[in-house]
Structure formats: C-alpha cells, structure tokens
Amino acid sequence: MRESSPLVGGLSGVKLVRGTLKDEAISIVRRALMAGEMEPGKIYSANSLAVQLGVSNSPVREAMMALSAKGLLEVVPNRGFRVVEMTVQDQLEVYDLRLLIEVRSIGRLAELSFAEPDARRLRDLAQATVTKADPHNMLEFLESDQHFHLSLIEMLHNSRLLAIIENLRDQSRINDTYRLLEHGRLQHSAAEHGSILEAILASDRLRAERLMTEHLDYSKP
Amino acid sequence: MTVDDAPPVFAPRTPPESLASQVFQLLRSAIHTGALDPGTIYSIAQVAEQLEVSRSPVREALLRMAETGIVRIVRNRGFVVVRPHPREIAEIFAVRLALEVAAVERVSRVANPELGARLRLAISESHGAATRGDEEEFFRHDFLMHDGILAAAGNDRARRIVAELRETIRILGPYTAGQTRSLADIEREHEPIVAAIEAGQTLPAQEAMRAHLTHTALLLIQQACAVHGAGESGIGEGDVAAARAIWADVLGWGIGLIS
C-alpha cells in the first residue's frame, strides 16, 4: 500500500562527503524546502532521500527529525515526513512574532557600536543581496538574504534569539518562496537592506525599527 | 514501561513516536528532580536498559531534547544534561521579556476579570507550594500563571517558545533549593500583574511583568554565577554585580534594570 516517495528536485549531483553528515543533510533538505522543491502534502521518506544523497539512512532521518522539531516538516508515523502546510493563522503568528522579536532586535543593534571591519562586512553582505536579486535564481537570493539578516542578529551574541529568529524566517518562507517574485519586489526588498544597515550604523533606533517593519511587509499574510 | 495487554484488534496502531515521547517525559522529569545530574555523561544503552526499551526511542527523545538545548549528545559516549551558563539565562529572559510583556499588553487592553480569576487560582496554589517548600508544585503553578497570559494573548507559537525556554531554566531547579524564600518573594510580584489585567490597565500590567521577569532573571543569574564561581556557598556581592553586568550586556543599559 506504500506509495513511492517522491524524489526531491535539484538534489541530483549533490553528494554528501564531509562534515557531520547530519548537518549536511539538514542544510540540503532545508534548501530544498526553501526553494519550494519539496511540495506541501507529499510524503518524503528518509530512505529514498538517503539513496538520492548517497548516504546511509540514519543521518538523513536525524536531519528530518531535527527539521520536524523546528516545525518545517511533520512526522508521518511509519511513512516518512511531510512538508508543513502553513495556514493563514500560522502565517499570522509567525509575522506577529517577527514584529515582536526581529524588529526589536534590529532596534537594539542601533544601540551598539560597530567596529569598522564588522561594518564593512555587513555592508558587503547587504550589497551581495542586491547583486543576487535575480528572479531566475531565487535560491541564491534567499540564501544571501538569510545570511545578511542572521549576520546582523549574530552581532547581539544571543544564541537563543538567533535560533528563534532563524526558525521564524524559515517558517515564514515555507510554502511561500515566490511571493517576492510575484510582487515584483525582489530588487526593492534587496535595496532596503542597505538602508536598514545604515540606520543601525547611524545609531538611529527608531528609523531602523521603522525600516525593518516596512521590510517585513511582504511576509504579512 | 512494558506493554501489558495486546491492543484490541481494531484499535489504531500506536505510532512509534509515542514511545519516544514517553521516554522524553521520563527523562525530562528525571532532569527536573535532579536524578540526572548536569555534567555527568550517561550512556544511551544504560538508559535504554533501565527503561526497558530499545535504544532508538531513547536516541529520538534525546535528539529532540538536544534540539532545545537541554541535553548535549556526546559522540560515541552518550549524553550530558546541560547546565545553563549565567549569560544564557540572561539571553533566555531577554526573549521572554519581549514575548511576555507584549502578551500582557494584549490581554490588559480591556478589563479582564475572567482571566484574572483563573490567574489568581494559579497564584494562590504557587504561594502554597512555596510555603511548603514543594518545588515541583511551585514551578507547575508558576508555569500555569505565565502560560495563562500567553494563551489568552492568542499566539500559540509564542506560547511554545516560552515553554521551551522555561525547560532550560527548569534545569536550575535543584539549585534553587534553599532559595525558596526569595522565590516566594518574587512570586508576590504576580499580584500587581493580575490586578492590572483585571482592571484593564495596560501600562501598569507591562511594567509589573517587566519588573517581575527582571527580578527573576537577576536572581537566577546570581545563583548561576555562584554555582559557576569558585565554589563559595551562597550568593556573594560579586555575584550580584556580575549578574547586573551580564544583564546589561544582553539587554542594554536602562532596559528593565531596577534599582
């Protein structure tokens, strides 16, 4: 009675070779999720994914368990894992939390002083998101976008906060990857990164928080 | 943890996850009571044998716990219960402040006597438990009070995040033995929070929640500083100063620091 588990597109040619296999598997499955290559509702088995990746079952299974704990996948007993389907209520909760936590964190950053190398690095990351704002390569844009935002939050040196914000950002993207594209707002959204960063570096807390709030508008359900 | 009876023929098969969940609950309460000591490496095989289950549900339960930072898996050796560092406690309370002050603002926009009555019940129970020195009950009702406010505010994810953060703080439980008197003092700070919710006074409600979480955080950070410090007993002047410095570093000066 068991239907065959669908293959995940974009994984061909990717082989796990180094690092801890579990961490690599997490990152590969996460990217497939963010890119919309895994469809909500379909059931994916750790076994078939492991075969695709050319590794043993257990690191892939552990990776999928970890992504389930993060609310990105759901365990389907005896069958595998399903991509979480976010209801409007789910999306509202995530958006609400991002306003409460992420916007405030950006405001807090404006109270810190940044060493020149850090400021330069963050400006480079903001610029990279503009360079990569290409609708034909959403995955690269999304990765650089995530890199910029999480590098900002890292400056607060709060590992719990970082993990929570990373997870909220992932949750707001799942099932929703291409909305930026639809709204034709990709370039615009990327350009906002520079303004947010400059407000932080100018120690203008209110402006940084206002710009970040506007920046999150696209993820408003 | 043995299966006594065969399940009825038409009953749905119990999913394998439920065994891992049971192990999860057992391990968690062993951590809370201090039966599993932070810092000791425990072997997965031994735990499995003791619980009369195979290793895989134990592994799954531990992976879930590792995800929330309560335990750390030690490759090829087993796992350890993670004792939170003073700075980590400040980090956790920084997140709780953001979520719980916002929640209490939402539930106090109009006078809310029904919620107030429910919260008062939890408060009186935790008072009683603190007086008896019953930590388990004390923590349970303290949890119900805070969780009641988050539930009424309507964001389930916020509620789950706080519940997970509290799990980590809960590991400090055994260390608060002998500190129940100061915990009872802090518990009294629940009263103005509930009064403001009943009256629908938003600003006092937020202020009371902020003060309460800040006091609790500082107390726990001081205790953790004393534990991590040079083994002197009790909380010294140095621990109080260190706790304030950590708090200020995580939250910024002027946020929630009460003289």
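Per chain, numbering begins at 1; letters A, B, ... match sequence-line order.
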For this session: Under the salt bridge (Lys or Arg N to Asp or Glu O under 4.0 Å) rule, what do R30(A) and D170(A) come out as? Steps first, then yes or no, please.
Result: CA-CA 9 Å; R30(A) 196 189 140 267; D170(A) 280 350; 2.9 Å; yes

Seminar exercise, completed: Greatest number of non-hydrogen atom pairs under 4.5 angstrom with chain A, of A98(B), A102(B), A90(B), falls to A98(B)

For this session: Answer yes or no: does atom CD of E214(A) have more than 12 heavy-atom neighbours from other residues, nucleotides or ligands under 6.0 Å?
Result: yes

Exercise. So, are D96(A) and R157(B) salt-bridged, with charged N and O less than 4.0 Å apart?
Worked result: no

For this session: Starting from the C-alpha separation in whole Å, work towards a yes-or-no answer on salt bridge (Lys or Arg N to Asp or Glu O under 4.0 Å) for D142(B) and R166(B).
Result: CA-CA 11 Å; D142(B) 181 76; R166(B) 289 184 67 115; 2.6 Å; yes

Problem set entry | Partner chain A: residue of I161(B), L99(B), N155(B), L63(B) with the largest heavy-atom pair count (under 4.5 Å) | N155(B)

Exercise. Would R205(A) and E209(A) count as a salt bridge (Lys or Arg N to Asp or Glu O under 4.0 Å) if you check the C-alpha gap in whole Å, the side-chain angles of each, and the deciding distance to 0.1 Å?
Worked result: CA-CA 6 Å; R205(A) 180 169 189 153; E209(A) 289 189 350; 3.0 Å; yes

Problem set entry | Residue part contacting chain B, namely of L112(A), when any heavy atom lies under 4.5 Å | neither

For this session: Among residues two or more places apart or on two chains, list those pairs meeting ring-ring contact (aromatic ring centres under 6.0 Å, His included) that have a residue in residues 65-123 of chain A.
Result: none

Exercise. For I164(A), is it the side chain, the backbone, both, or neither that has a heavy atom closer than 4.5 Å to a heavy atom of chain B?
Worked result: side chain

Problem set entry | Under 4.5 Å from a heavy atom of chain A, the part of A94(B) involved | side chain

Exercise. For chain B, which residues from residues 195-204 of chain A lie under 4.5 Å away (heavy-atom distances)?
Worked result: none

For this session: Please state whether the side chain, the backbone, both or neither of S159(A) comes within less than 4.5 Å of a heavy atom of chain B.
Result: both

Exercise. Which bit of I101(A) is near chain B, if near means a heavy-atom gap under 4.5 Å: side chain, backbone, both or neither?
Worked result: side chain

Problem set entry | Under 4.5 Å from any heavy atom of chain B - which part of D90(A) | both

For this session: Quick one: sort the H193(A) and H215(A) rings into parallel, tilted or perpendicular, breaks at 30° and 60°.
Result: perpendicular

Exercise. When you check the side-chain N and O atoms of R98(A) and S172(A), is any donor under 3.5 Å from an acceptor?
Worked result: yes

For this session: Select one option (side chain, backbone, both, neither) describing which atoms of R104(A) are under 4.5 Å from chain B's heavy atoms.
Result: side chain

Problem set entry | Electrostatic pair R159(B):D147(B) at N-O distance under 4.0 angstrom | yes

Problem set entry | Presence of salt bridge, E166(A) and R169(A), under 4.0 angstrom | no

Problem set entry | Considering all heavy atoms, the nearest I89(B)-A217(B) contact | CG2-O, 4.5 Å

Exercise. With a 4.5 angstrom heavy-atom cut-off, which part of R160(B) approaches chain A: side chain, backbone, both or neither?
Worked result: neither

Exercise. Relative to chain A, which segment of V95(B) carries a heavy atom at a distance below 4.5 Å: side chain, backbone, both, or neither?
Worked result: side chain

